[in-house]
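Here's the structure we're looking at; comments come further down.
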Amino acid sequence: MKTTVATFAKMKSEGSKITMITCYDYTMAKLVNASEINSVLVGDSLGNVMLGYPDTLSVTMEDMITYSSAVARGCPDKLVICDMPFMSYQVSVEQALTNAGRIMKEARVQAVKLEGGRRVVPQIKAIVEAGIPVCGHIGLTPQSVNAFGGHKVQGKTEQAAKDLIEDALALEEAGVFAIVLECIPEKLAKIITSKVNVPTIGIGAGADCDGQVLVYQDMLGMNKDFCPKFVKHYASLSDTISNAFNQYDAEVKSGTFPSQEHTFKIDDEVIKKLY
Ligand code: KIV
């Protein structure tokens, strides 16, 4: 049965943990679809992990639609959420609604996510009123990396923690179906999770959130040099992939690949006529 926003609400009410993973392409989406993971985020982290930018600021609506539609085609059984990229919703409520609608129509995902607390409440209300589910995102919101002065844990002072609690309550009031809490202290995430009735999905926010999300390249260990505190490597794909690339290179150069097993045949009578 397909995961929906209603599944998220039910899982929070039952105390069942929600799993989410990022995804950006059709092949990986099919693997996620065949897994037990509940939901998929086509994050604008694709700017980093797929496009090689230093941050998410250059990601466009076209990028998000291209990658999200591939994921939606590969992941028919999961709730697929698409990030709204930087400056696709900050300018005005009208801009936010137009772009959220475009994502739904063109990418065929089931929800959008946008970053920010009280300052984006008018945009969230308008999108929700149009019948589009919205996931909130507070804490270390990467689109504001320059305002934060880097990728830093948020909510560590009394005022910053109170602000995040107020932001979470405002997002719930605006109608979000879930809130991503990124890089905040676990005790603050626990308080927020107990105060809101919608599920919290943590990344670097401790085990008391209602669910967890990780970037797939990080959790699969595809970049050996990148393992921040909140990431666990569930595999070491960078080694597996490097070994495969080098074995392929060696076999081609030594003439052992392709072997007969990987080669097409033709009738010898046909061949004779070609000389
Ligand atoms: O863009 C992204 O992948 C995200 C997650 C890290 C929550 O927003």
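Side chains included, hydrogens not; waters and symmetry mates left out as well; all remaining heavy atoms used. Sequential numbering from 1 along the given sequence is applied to the chain's residues. Ligands are counted one by one from 1 in listed order, and the atoms in each one are counted from 1 as well.
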For atom 2 (C) of ligand 1, what's the nearest protein heavy atom and its distance?
-> S45 OG, 3.3 Å

Among side-chain atoms of S242 and D239, is any donor-acceptor pair under 3.5 angstrom?
-> no

Any idea which protein heavy atom is nearest atom 4 (C) of ligand 1, and the distance to it?
-> L41 CD2, 3.5 Å

Without hydrogens or angle criteria, can the side chains of T19 and N38 be said to hold a donor-acceptor pair below 3.5 Å?
-> yes

For ligand 1, which atoms have a heavy atom of D83 less than 4.0 angstrom away?
-> 1 (O), 2 (C), 8 (O)

Which bit of T56 gets closer than 4.0 Å to ligand 1, counting heavy atoms only: side chain, backbone, both or neither?
-> neither

Are any non-hydrogen side-chain atoms of F8 and M20 less than 4.5 angstrom apart?
-> yes

Under 4.0 Å from a heavy atom of D44: give me the atoms of ligand 1 that qualify, with their elements.
-> 1 (O)

For the residue pair Y24 and S45, confirm or rule out a side-chain donor-acceptor distance under 3.5 Å.
-> yes

Per-atom filter on ligand 1: closer than 4.0 angstrom to a heavy atom of G43 are 1 (O), 2 (C), 3 (O)

Per-residue contact class, I201 against ligand 1 - non-hydrogen pairs under 4.0 Å | neither

Would you tell me whether K265 and Q260 have side-chain atoms, one donor and one acceptor, within less than 3.5 Å of each other?
-> yes

What are the atoms of ligand 1, with element, lying closer than 4.0 Å to any heavy atom of T22?
-> 3 (O)

Ion pair check, K2 and D77, cut-off under 4.0 Å = no

What protein heavy atom sits nearest atom 8 (O) of ligand 1, and how far away is it?
-> K113 NZ, 3.0 Å

Is there a side chain to side chain donor-acceptor pair (under 3.5 Å) between Q143 and Y89 once you walk through the steps?
-> CA-CA 12 Å; Q143 292 174 16; Y89 59 92; 2.8 Å; yes

Protein contact to atom 6 (C) of ligand 1 [nearest heavy atom, distance to 0.1 Å] | I203 CD1, 3.7 Å

